[in-house]
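Right, one structure below, let's go through it.
Quantities reported herein were computed from a predicted structural model and do not represent experimental measurements.
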Amino acid sequence: CLVCPAGWYTYLRAQAACKRCPFGYHAMSGPASNLTREGDAACSSCARGKFGDVQGAVDAVEACKDCERGRWSNVEGYVAPALGLPPCTPCSQGKYSEAVGAWKDSACIHCATGFAQTPPADGAKSSASCVQCRPGRFSDDVGGFGEDACRACPRGYRQESGGQAYCLPCMPGKRQHLEAQKDCAWCLPGRASVLPAFFAKVCPGCSQGRYQAGKGQTSCRACDPGHFSAVQNQSGCVACPMNWAVKNTSSLLCEACPHGRYTAAHGAATCLQCMAGMYRMVGDSDACELCKSGFFSARPSSSACATCAAGTSSSAGAVSCEKCLPGTFKINSGSSECALCPVGYVSENPGAQECRKCSPGSIAAIPGRSSCTLCDLGEFTARDRNAAWHCDACPAGWFQDEKKQLECKACPVNSYHTRTRATSMSECVKCSEERTTGNLSGSTSIVACICRAFLFYEELHYKRDNS
C-alpha cells in the first residue's frame with residue numbers, strides 16, 4: 001500500500017486510489033493514510049475570511065484565497081460559488097469595506113451621516129462609494145442608501161454645504177418657502193420676521209404706521225413724529241405735508257393744522273402758532289399772513305384779523321389799533337388809514353372820527369392841523385375858491401388892530417397908508433391941513449390928499465363918484 005500524497009486522502013481500507021482534498025481544504029503536514037472521515041485531520045479547512053477554489057491543495061497558500069475588499073466570510077472551508085459568482089458575502093447596502101480577508105460583517109463600515117450609496121452598491125470596496133448629500137439635502141442616519149437616503153431640507157431650513165447630517169433653520173430676518181434649498185432669502189424692505197425657520201413665501205409685512213427700510217430685518221420700526229404710513233408693507237414713512245402734523249409715533253394719518261396755526265416745513269410733529277399781528281384761515285393760505293393796515297390781531301393763533309374802529313388805524317402786522325393823531329381823522333372802520341384834516345379843518349384830540357371846521361376869524365392853513373389859528377393883527381379872514389377860510393393881509397389903506405376878524409378897517413378920511421398888513425390906525429398917514437381925501441376912506445396913496453379948493457374938490461368928487 002502506498003501513502004496518499006499531500007493534498008490527497010482516503011478514509012477506507014483496500015482502496016485502489018486516494019481522493020483529493022476538496023475545495024476549501026488543503027493538506028495537513030504528514031501522510032494521510034489513517035483518515036476515517038472525509039477531510040478529518042488529513043485535510044484542513046480554509047480559515048474564516050478566505051475561500052477555496054482548488055482541489056488537492058497541498059497547503060493554505062494554494063488552497064485559500066482572501067475575501068476581496070467589500071466582502072467577508074465567517075465560515076471555515078468556505079467554497080467559492082459556481083458560475084463565476086464572486087466569492088464571500090458582500091457588504092450590505094449602505095456599507096463598504098477596504099479590508100482584505102474580512103471574516104465578519106462588522107468589518108463592513110456604514111456610510112457616515114451626510115453620505116449615501118446609490119444602486120448598485122453591494123460589496124462596496126471603499127468610502128468613495130458613499131457620496132455626500134448635495135447642498136440643500138441631509139442624511140442623519142449612517143448607512144444611507146438610495147435616492148431617498150439624502151432627504152430634502154424642509155421649508156424654513158437650509159444647508160449650504162454638502163455631506164451634512166442636518167439642516168440649519170433660517171435665521172430671523174430670513175425665510176424659505178421651498179424645500180431642498182442651500183440658502184434662505186432675505187426679508188424684503190417693508191417686511192420683517194422675528195421667527196427662526198420661517199417658511200412662508202414672504203415675510204410678514206409691516207403694519208400701518210410702521211416701516212422697515214432695510215432687508216433681512218427682524219422687526220418693523222414705528223413711524224417718527226411728523227410722519228405716517230397709511231398702508232402696510234412700507235419701506236418708509238411719508239412726511240406730513242405743509243400745515244399737517246402728527247406728534248405720535250406709529251401714526252396712520254396726519255392731522256390738519258387748525259385755523260391760526262401752521263407748520264414751517266414738511267414732516268412737522270406739531271403745528272406752530274401764528275404770532276399776534278398775523279392770521280391764517282385754513283384753505284386760504286399755506287403760511288400765516290400779516291394783518292393788513294386797518295386791521296389787527298391781539299392774540300396768537302388768530303384765524304382772522306379784527307377791524308380797527310372809526311378814529312383808529314394800524315399798520316400791517318399790528319397787534320392793536322392806535323388812535324388817529326390830532327390833525328387826522330377816520331370816519332369808517334376798516335382798512336383805510338387816518339387822513340389829514342383838510343385846509344380849514346382841525347381835530348384837536350386823538351381818535352377823531354371827523355374834523356371840525358374852523359370858525360370865522362380862524363384858519364387851518366395847511367392839512368393836518370390840530371388847532372385853528374387866529375388871523376393875526378393886520379390880517380382878515382377870507383374864503384378861497386374852495387370856500388375854505390384863510391387869512392389875507394389887509395390891503396394898503398386898510399388896517400386891523402384885532403385878531404380873528406372877518407374884515408379890515410379902513411384908514412379914516414383925510415389919511416392914507418401905502419403898505420399892506422397894517423396893524424393899527426396910527427399907521428395911517430394924515431393928509432396936510434390944506435389937503436383932504438374928501439369923504440373917502442381907505443386911501444392908499446398921498447395922491448388921495450387933494451387941495452381943499454371948492455371947485456377942484458367938487459370936480460374930483462364928481463369923477464370919483466361916477467367911477
> Do any N or O atoms from the side chain of R191 and from the backbone of C203 form a donor-acceptor pair under 3.5 angstrom?
Replying inline: yes

> Should R356 and C372 count as side-chain neighbours, where that means a heavy-atom distance under 4.5 Å?
Replying inline: yes

>> Check whether E98 reaches the backbone of S127 with its side chain - one donor and one acceptor, N or O, closer than 3.5 Å.
In response: yes

> Are any side-chain N or O atoms of Q181 and backbone N or O atoms of D183, one a donor and one an acceptor, separated by less than 3.5 Å?
Replying inline: no

> Going through the distances and angles, do H26 and C64 end up as a side-chain contact (heavy atoms from CB on, under 4.5 Å)?
Replying inline: CA-CA 8 Å; H26 62 85; C64 304; 4.1 Å; yes

>> Here's a test for you: under side-chain contact (heavy atoms from CB on, under 4.5 Å), which of V343, T373, V346 qualifies with C358?
In response: V346

> Are there more than 12 heavy atoms of other residues, nucleotides or ligands under 6.0 Å from atom OH of Y96?
Replying inline: yes

> Donor-acceptor pair, S347 side chain versus P326 backbone, under 3.5 Å?
Replying inline: no

>> When you measure from the side chain of S362 to the backbone of L374, do you find a donor-acceptor pair of N or O atoms at a distance under 3.5 Å?
In response: no

> Quick check: are there more than 12 heavy atoms from other residues, nucleotides or ligands sitting under 6.0 Å from CD of E255?
Replying inline: no

> Is there side-chain contact between S301 and Q273, with at least one heavy-atom pair below 4.5 Å?
Replying inline: yes

> What's the shortest heavy-atom distance between R280 and C274, and which atoms?
Replying inline: CB-SG, 3.7 Å

> Under 3.5 Å, side chain of S297 to main-chain N/O of M278, donor-acceptor pair present?
Replying inline: yes

>> For E354, is the CD atom crowded, meaning more than 12 foreign heavy atoms sit under 6.0 Å from it?
In response: no

> So, K330 side chain and T312 main chain: donor-acceptor pair closer than 3.5 Å or not?
Replying inline: yes

>> Pair E289, Y279 - check side chain to side chain donor-acceptor pair (under 3.5 Å), show working.
In response: CA-CA 6 Å; E289 296 184 354; Y279 75 100; 3.1 Å; yes

> So, are R421 and D376 salt-bridged, with charged N and O less than 4.0 Å apart?
Replying inline: no

>> What I'd like to find out is whether the side chain of F296 reaches to under 4.5 Å of the side chain of C308, using heavy atoms alone.
In response: yes

>> Applying side chain to side chain donor-acceptor pair (under 3.5 Å) to Q117 and S129, what does each step give before you reach the verdict?
In response: CA-CA 6 Å; Q117 289 178 346; S129 64; 3.1 Å; yes

> Okay, side chain of Q400, backbone of E407: is any donor-acceptor separation there less than 3.5 Å?
Replying inline: yes

>> To the nearest 0.5 Å, what is the distance between CG on N243 and SG on C254?
In response: 12.0 Å

> Judged by atom type as modelled, is there a donor-acceptor pair below 3.5 Å linking the side chain of H259 to the main-chain atoms of M281?
Replying inline: no

>> If we ignore hydrogens and angles and just use 3.5 Å, is the side chain of Q159 paired with the main-chain N or O of S161 as donor and acceptor?
In response: yes

